[in-house]
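Hydrogens, waters and symmetry mates play no part in the numbers below; they use all other heavy atoms, side chains included. What you see is a predicted model; the values in this text were computed from it and never measured. All ligand and atom numbering here is 1-based and tracks the order in the structure.
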Amino acid sequence: MSKMANDNGLCQVAAALQKASRLLLLGHVSPDGDSLGSLTALRQILLRQGKAAHIFVAEGCPARYQFLPGSDSIISDLADLPTRLDTVVVLDCGEWDRTGLEAERFQQQLVVNIDHHRTSQGLGHANYLDSDAAATGMLILKLCDYWQVEIDGPVATCLYTAIAGDTGFFQHSNTTAVVHEAAARLLAAGANQALVVENLQSKTPAFLQALNLVLKRLSSFLGGKGAYSFLTAADLQRLGLHRSELEGLVDYPRSLMGVQLAALLVEIEPGKFKVSLRSRAPWDVSAVAATLGGGGHSQAAGCTLLGTLEECIERLTAATVEVVLLQ
Ligand SMILES: [Mn+2]
């Protein structure tokens, strides 16, 4: 098989980006380290090539990611979207509704999709998809290598954040030798690891109060192999927490000894729960999420459920039992 046919779309995407001159880069709602790190890294590389590149993130850049070089130029107001665009790049997600914008808006533009979610079908005219990659940041690094662009300190910090984010700081099961090699390269290139750790690992008082509630409400099912907890819309309002500040909370139920699968239900608006799912291999939570209309990776996935808390827990545990029995 030729290299062209076996590169998951890298050559095609690289060519499309090379031709572009005015780009809009989109991430996903509830932006995380991989999404924001990949966006800010790619933007810097495109700017260096003399292109105009803007990033749009519907909710803006969460405070903990504002250390990322270039994050201060992220657009979150639709009115600020550049009008003259030739190319739209969708990073780290495979569905338009996850970008916070509608596909209809970009019918005149070439659409490029770079993603590592297993559920992604490729929503672009050119798609670079690799579900074996631990993070979209790994794909941006491959793109850099393909173009033979030099990775400077700021780009290295962004890509290091992306990879650290999606591997749970090199602890999740997707932390392969390839991931460590990439991290080593980025550190050698000047990634500011201390800055990344300081910003990603420090918690706000409100986060710790939310964690307190999550731990108090921890329930088990599947004979102790499953654990779930929840936060209500009233909790979030009382604590003054936005859903984007809850990243990592589900890792606590998952850390419980003997737990194979953990779920955190967060009521993002009354009667609407965002469910984060985590598992230990070989349990596959992307299959659980898929039966509930969501998606993701085998050890980290999510979905949205509508109904009362009790109804959503019931549907979630029923779907989990069904999928686990089949696995
Ligand atoms: Mn990702």
Taking both backbone and side chain into account, is any N, O or S atom of H116 nearer than 2.8 Å to the Mn ion (ligand 1)? yes

Value rounded to 0.5 Å, distance of SG in C312 from NZ in K272: 12.0 Å

The Mn ion (ligand 1) reached by D34 (N, O or S, under 2.8 Å): yes

As an exercise, state the distance from CD of Q299 to CG of N174, rounded to the nearest 0.5 Å. 8.0 Å

If you measure only the distance, is there a donor-acceptor pair under 3.5 Å linking the side chains of D92 and T136? yes

Looking at D92, the N, O or S atom sitting nearest the Mn ion (ligand 1) is OD1

Separation of K142 NZ from N8 CG (nearest 0.5 Å): 7.0 Å

The atom name of the N, O or S atom in D166 nearest to the Mn ion (ligand 1) is OD2

